[in-house]
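Notes for the one structure printed next.
We're numbering straight along the sequence, starting at 1. These numbers come from the heavy atoms of this one structure, side chains and all, not from hydrogens, waters or symmetry mates.
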Amino acid sequence: MAAAQASEAAANKGLPLGMDATMADEYASQSKLLQEFVKIPSFGKAWIFNSKDENKSRAVLSISQSDLLGNKRRKFLLNSHISKSASKSVDFQWSPFPTEISGVSAVIPSPSGEKLLLVRNSEDDSSTKLEIWGPCQLENEIHIAKSVHGSLYSDEWFEGISWNQDETFIAYVAEEPPQPKPVFNDYGFKKEGSSEKDCKSWKGHGDWEETWGETYSKKRIPALFVVNISSGQVRPVKGIPRSLSVGQVIWAPSSSYGLVFVAWSSDNGFQETPRKLGIKYCYNRPCALYAAPDPFREETEKPSTEGNKGETTTMIKLTAHLSSAFFPRFSPDGKYLVFVSAKSAVDSGAHNATNSMHRIEWPTDGKLDGSLGIVDVVPIVMCPKDSCFPGLYCFGLLRHPWLTDGRTMILSSVWGSREVILSVNVVSCEVLRVSPQDSDYSWNVLALDKNNILAVSSSLITLPQIYYGIKVSQTESHWEWQEVSTPFPKPSDEISSILAEHKFSILKIPISNPSDELANGAKLPFEAIFVSHKDSASNPTIVVLHGGPHSVYPSSYSKSLAFLFSQGYNLLVVNYRGSLGFGEEALQSLPGNIGSQDVNDVLTALDFVLNRGLIDPSRVAVVGGSHGGFLTTHLIGQAPDTFFAAAARNPVCNLQLMVGTTDIPDWCFVEIYGKDGKKYFSESPSVDDLCQFHQKSPISHISKVKTPTLFLLGAQDLRVPVSNGLQYARALKERGIESKTIVFPEDIHGIDKNSIKLAYKGSSFMTAEGISTAMFSISQPDLLANSTRKYTMYCHITGAGTNSRDFQWSPFPTEMTGVSVIVPSPSGSKLLIVRNGEKGCPTKLEIVDQSHVAKEIHLGQSIHGPLYTDEWFHGISWNQEETLIAYIAEAPPQPRPVFRDSGYRKGDSSDDDYNTWKEQGDWEEDWGERYSKKGRPSLFVLDIASGEVRAAEGIATSLSVGQVVWAPPSSSGSQKPCALYAIASPFERPETDNKPVCDGKSDSAASARNLTASISSSFFPRFSQDGKILLFLSAKQAVNSGAHNATDSLHKMNWPSDWKMDKELNVTEVVPIVMCPEDGCFPGLYCSSILSNPWLSDGCTMILTSAWRSTEVILSIDVLSGKVTRITPEDSHYSWSALTIDGDNVLAVSSSPIDPPHIKYGRQVTPEGQARRWTWDEVDSPLMTASDKVKSLLSHHSVTILQIPVTNASGDLSDGGKLPFEAIFVSYKDSSHSPTVVILHGGPHSVSVSSYVKSSAFLASLGFNLLIVNYRGTPGFGEEALQSLPGKVGSQSLTYPKQDVQDCLTAIDHVINEKLIDASKVAVVGISHGGFLTTHLIGQATDRFVVGAARNPVCNLALMIGTTDIPDWCYIVACGTEAKQYASESPSPDHLRLFYEKSPIAHISKVKAPLLMLLGGADLRVPVSNGLQYARALRERGGQVKIMMFPEDIHEIIIPRSDFESFLNIGVWFKTHLKQVQMQQREAKSGDPFGGRARRSVQSKS
């Protein structure tokens, strides 16, 4: 509460969210200092080119610098001439200025240094440019269209750009050209495809493909190409299957196989199933070296090989007997192919481990037909002796790493907590450290100058410095290192002073109480780097922890760490066991022991410095990222009194959640189980696995945490998805622990940087006696533009007689381009048109009268954002005088921290100030699905005459408002809008004796008054026409039980005419909750909306639409007596919905699953001698027309609503839970011979009513029967039936009785027993909870379904709980309504076990039916990880599964093209697999054991 009040106070002062004045001063001070560090440039690559003069050479150095204002890194090249004297001194003559290379992705000099390749990758999928530069000019510029290939890979892993020795060709790795997608036009699927310029067609998504995860999720498969730099011609290297991703290409010595490259197989999942696991930082992905022909040489040699038709040169695998091979390099004489291997990582499963080096003797004749022997050059070091070589830990090799002897390679590697430079003789296998032996600094090789080395050296307290190493003797491996004077800017005096005040040392930390079971290498001391201030014991200390866990924090300079110790902190940088650089036994001791061994190592290191009096034990903080964040959150839970503050960047907090969402699920298994984790790894972990993951995770200790914690999360992180940190942070807040969360929307792990339904609404206005005008708002999907077009259409209604009406329609509809919503005024004389701005543009409100736009108001983002126009928060209300409009819009953006070159700027910045930039600031929770990118809904009022807009005051920022209406005028004439809160209009100054009251106290700020404090839910407020009664709906039953939907009730309160609210307003129930309806009687109120004016002319009768079992009906409700009457035909199986009221008449729409909607006009009549009743006239309208083809197809179907008795009803069920449920059966001609599709709604507390749905009608038109099941738990059947489902979803066990699954099977049995369908030809489809049932059914009733399809299905509740926007739903459906008492952001292991056992994934091993999975990439309700995990697990088991991903779609998959393509694929998928069954049945009847296929094959050959 205190934090919320502070945030509100900060907002009122214009400070960013979560910041107070003191913090603002701290921001200003620290940001200025941090920028001093950020301005220091960083070294990249270097190249040295030899000249004819033995003592002279040229160097080119690439450097980069952060551009905070542009939010990018700027790249430069700096040149230098190197002169060497006989006295072994070296002189560097630098160019006066660096040259910026903007827009350049890669710089690759040719071997001679006479040419330079610049790669300019396009950002907008336009052509890629390759520029070939000579000494003084651009020699050639090659534009490569995306139809040839995409961007070149320029990262450190797949990158491969290589000149041949003649400098005539360049081989490189680029994204393959886009794969063909299904093309559609107005006539349907276009078989022959489409050109890019064909504006009358569009491309679908097609099948979804796996990617290589983090940083590669938007990239296509890396493929190999060669360019002729003279002609500009580009050719792909042929013969490489798409299942291989290539990289690191180099040219081979002269042979028929001109190219050598690395390739990774996509069959990377469990038991080599097709699955690309994340590859970034993951050296454990199997890879091999291959050789392939140069496509240009292959072409020139073609004539000589024509005699051997059928013989083609294909690629050869060079390292077939080795699980890993990469970084290939040929020796200068071409005799040896040397490469690095991570076989230890691949074989153990650890994501990084000790490398080895190997060589292949390359055949001098270039023939690769025999087996090539592989020789070990540098083996894996298991347990290094003290101060001896600990093994190879290599993250890259120079393009030319050779000394002049042609046998010695120079490379960088990790050695304990340092980076060092090594020489490796690939013939004698001798490894030597060539950087200074006694140095604790870190050293990295940049380039070689014959036998000399250009390197960079730094420490945590010393900025990087260039060194030149001169080989002292040609026979001995000894180098002298000279510091190189460079033009790089010196640090400021302040930075220099800070660095001078610190010292660092590398501490050896002995293992405390090592187990006898540990390998010898795991008993050796680990290390920690201690950076201390002058008097370290009086300063606070930060423990710094690296990620991985198999990575290392070397002693090299780090801007972020330098910034931290510049604030007066000591740093304790712990390289716990499992880190790189200490031998393989120490590294492999950690997998299987995370959360204990690594945690103990950190605490041991902390005790080490504490016992020596080096630090103050009362002032210790901890920070880490990834696995370092795992340790951070473990430490504050396991040692809760040790740390006064903590910070975690993208931390692993819950392995049970991570395993189903990360791009490296195998990591979870290996780090939990050790080497055995490779055997256990599965896309569908068992419930025991999940409990083990939870036990080893920080979240299992969350109840003990006391430490205030900062979370920094990248929203695009695929490695440790944002759900992990958010779940932990929310769980901390749930327990009252101080935490702060900052989310970076576009950042990844490193923190480097509408529907096919035809929708329509109606309004009517009285224009003269007996004449009224109806206005229809209609919408239609525009598949070509992938949007929804909106129209209005008018109709004049005249009374030709007492019992008839004439409808005169306007000749054409009027399109409302760019219109978000239209709202007529009460009189119908004015119209409000809302045009919401996109991407920060102003929102426009247009007031239109009968002839023109009377007023146009532009509202910038500083006033408010777009208006809410959805069905929930939407509220736009005219006052009766039509002078003011109240509405709900997004609150203006919260102030965010503003920075400039001099640091934090306390005052806000205008958007026109181009010298400042805004950071993220504190992260705020949102309302989840559909609302994740929207601002808080707030209340505003527009004065139409002046155009002035004012925000309603006195509403706490913790309240999100919606559904505003105007209350009747008080005796003083002032108007006050309310939304079950009442508040003064900002355009009216309340009189002193008539102030709204909050909590019984007067408040000059006119605080909002809660009108319904005694009831847990109230919405859809409507005032009666005379203003005496305020009516509203309540979902109190849903709120109180926890079910996400339930039976509604209707309430009223008498509105005080004088607007005095000093007394509690009485709330009276009008329509109560119906628990157990009698047969054929009113089942209760189930209302998704209410008309803006729902009143008949008597002023006390409301008209509304409600679900009544499997139909929608129109009800009249007398709000005085509470009488509810069904006014639509009682014997109709059609569904009806009220559109608008015309005096005492009702304009409605009626439809059935096979009858498109028709407009109906309802009148009350009193036949002679009979009671008054409603009669319904069909309105001849142009709104709904179906083609003759559609009419013909649907005419073969009929609809019935079946009553399905409950089988074996439990004795503990309520009476309502024992009543029959229903299924809508849409039957084809001879239904018993036609295939049947079972359709299951989501929710589970929603309903499939008997109205027209295009997707269902489409499936019926394909010749399917439809069985649409409204299982118990569906609204429309009374509250007891609805509440019988929570706690009984899905499960098949005796412990957890199933209900919804059983109801579906009972419904199927019913139609089978009635001989209505063929039991051997049944398919099933569902969305959300319907997808939950679909995947349950194919797992529990494996032989009953031929095929299935699921749209955004719930497949694993244990995974969903930490990723969904409705975690409480998981508790309620799985545990029942009592779960409200113990629902938590951090479920216990017992709950995880229950969630798993209730989930479809628990039955996945039994699934046989082919499954189509349709997923929305932006779904927050059932995030995409749920469906992907299930689909991958099916594929892992050999199941047939097809995945379609719609990247921009949310839970409902409502973008028009996506909706279209998803149901098209469902139709094709079902038709294909059901047709196979029909063929098999026919063949079985004919007695052909081969199914006719063999016979037809022989006939076709003959």
Side-chain angles (χ1 to χ4, degrees), residues 1109-1111 1133 1135 1152-1155 1194 1196-1207 1220-1244 1246-1274 1276-1277 1299-1327 1329-1338 1340-1341 1343-1351 1409 1412 1463 1466-1467 1469-1471 1473-1474 1477-1478:
R1109 301 183 73 83
S1110 297
T1111 61
H1133 284 167
S1135 279
S1152 84
I1154 58 171
D1155 292 286
L1194 295 179
H1196 299 306
H1197 291 75
S1198 59
V1199 178
T1200 53
I1201 297 179
L1202 308 173
Q1203 299 272 317
I1204 314 291
V1206 174
T1207 57
F1221 59 96
E1222 290 183 349
I1224 305 168
F1225 185 53
V1226 180
S1227 55
Y1228 191 56
K1229 293 175 184 173
D1230 182 4
S1231 65
S1232 62
H1233 292 93
S1234 301
T1236 299
V1237 176
V1238 178
I1239 298 177
L1240 304 170
H1241 64 70
S1246 64
V1247 59
S1248 291
V1249 294
S1250 61
S1251 59
Y1252 181 78
V1253 178
K1254 287 188 176 180
S1255 53
S1256 299
F1258 164 67
L1259 292 177
S1261 72
L1262 296 175
F1264 298 131
N1265 305 313
L1266 306 182
L1267 184 66
I1268 306 168
V1269 184
N1270 284 318
Y1271 44 85
R1272 283 172 293 165
T1274 300
F1277 294 81
Q1299 181 170 301
D1300 45 2
V1301 172
Q1302 187 57 56
D1303 283 356
C1304 295
L1305 293 173
T1306 300
I1308 296 169
D1309 287 339
H1310 182 89
V1311 290
I1312 291 172
N1313 294 336
E1314 295 291 327
K1315 303 197 181 329
L1316 297 175
I1317 70 168
D1318 182 344
S1320 67
K1321 292 184 284 187
V1322 179
V1324 59
V1325 61
I1327 181 172
H1329 189 83
F1332 172 88
L1333 290 174
T1334 296
T1335 45
H1336 253 306
L1337 286 164
I1338 62 175
Q1340 292 192 39
D1343 296 317
R1344 303 197 62 171
F1345 300 95
V1346 174
V1347 63
R1351 285 172 44 126
L1412 171 63
F1463 275 101
I1466 290 171
W1469 184 255
F1470 283 178
K1471 198 85 171 174
H1473 289 283
L1474 289 165
V1477 173
Q1478 290 174 309

Going by the salt bridge (Lys or Arg N to Asp or Glu O under 4.0 Å) test, which pairs reach into residues 1301-1320, not counting sequence neighbours?
->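 Matches after skipping sequence neighbours: R1272-D1303, D1309-R1344, D1318-K1321.
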Hey, could you give me each pair passing salt bridge (Lys or Arg N to Asp or Glu O under 4.0 Å) that has a residue in residues 1227-1236? Not counting sequence neighbours.
-> none
Side chain H1197, main chain I1154, donor-acceptor under 3.5 Å = no
Give a yes or no answer on whether the side chain of S1251 reaches the backbone of S1135 with a donor-acceptor pair at less than 3.5 Å.
->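 Side chain of S1251 to backbone of S1135, a donor-acceptor pair under 3.5 Å: no, none is there.
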For the student: nearest non-hydrogen atoms of [X] and [Y], plus distance:
X     : Y     : result
P1205 : T1306 : O-CG2, 3.7 Å
F1463 : F1258 : O-CE2, 3.3 Å
L1267 : A1223 : CD1-CB, 3.9 Å

Test applied, side-chain contact (heavy atoms from CB on, under 4.5 Å); reference residue, F1470; option that passes from V1325, L1262, V1346 | V1325
Please say which of L1333, L1337, L1305 ends up in a side-chain contact (heavy atoms from CB on, under 4.5 Å) with D1300.
-> L1333
Taking the inter-plane angle between the rings of H1336 and F1332 on a 0 to 90° scale, is it parallel (under 30°), tilted (30 to 60°) or perpendicular (over 60°)?
-> perpendicular
Residue pair S1256, I1239: steps toward the side chain to side chain contact (heavy atoms under 4.5 Å, CB included) verdict | CA-CA 9 Å; S1256 299; I1239 298 177; 3.9 Å; yes
Starting from the C-alpha separation in whole Å, work towards a yes-or-no answer on side chain to side chain contact (heavy atoms under 4.5 Å, CB included) for I1466 and L1412.
-> CA-CA 7 Å; I1466 290 171; L1412 171 63; 3.9 Å; yes
No-hydrogen, no-angle side-chain donor-acceptor test under 3.5 Å, S1250 and T1111 =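 There is no such pair between these side chains.
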Please test Y1252 against L1194 for side chain to side chain contact (heavy atoms under 4.5 Å, CB included), starting from the C-alpha separation and ending with a verdict.
-> CA-CA 11 Å; Y1252 181 78; L1194 295 179; 4.3 Å; yes
Contacts of K1471 meeting salt bridge (charged side-chain N to carboxylate O under 4.0 Å, His left out) (sequence neighbours excluded), chain-then-number -> none
Please identify each residue that fulfils salt bridge (charged side-chain N to carboxylate O under 4.0 Å, His left out) with D1155, with sequence neighbours left out.
->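 In terms of salt bridge (charged side-chain N to carboxylate O under 4.0 Å, His left out), with neighbours along the sequence ignored, D1155 is linked to no residue.
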Heavy atoms, side chains only, cut-off 4.5 Å: are L1240 and C1304 in contact?
-> yes
Would you please name every residue forming a ring pair (Phe, Tyr, Trp, His ring centres under 6.0 Å) with F1221, sequence neighbours left out?
->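 Here no residue qualifies.
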Please list, chain by chain and in numerical order, all residues satisfying side chain to side chain contact (heavy atoms under 4.5 Å, CB included) with T1274, sequence neighbours excluded.
-> H1241, V1247, N1270, Y1271, F1277
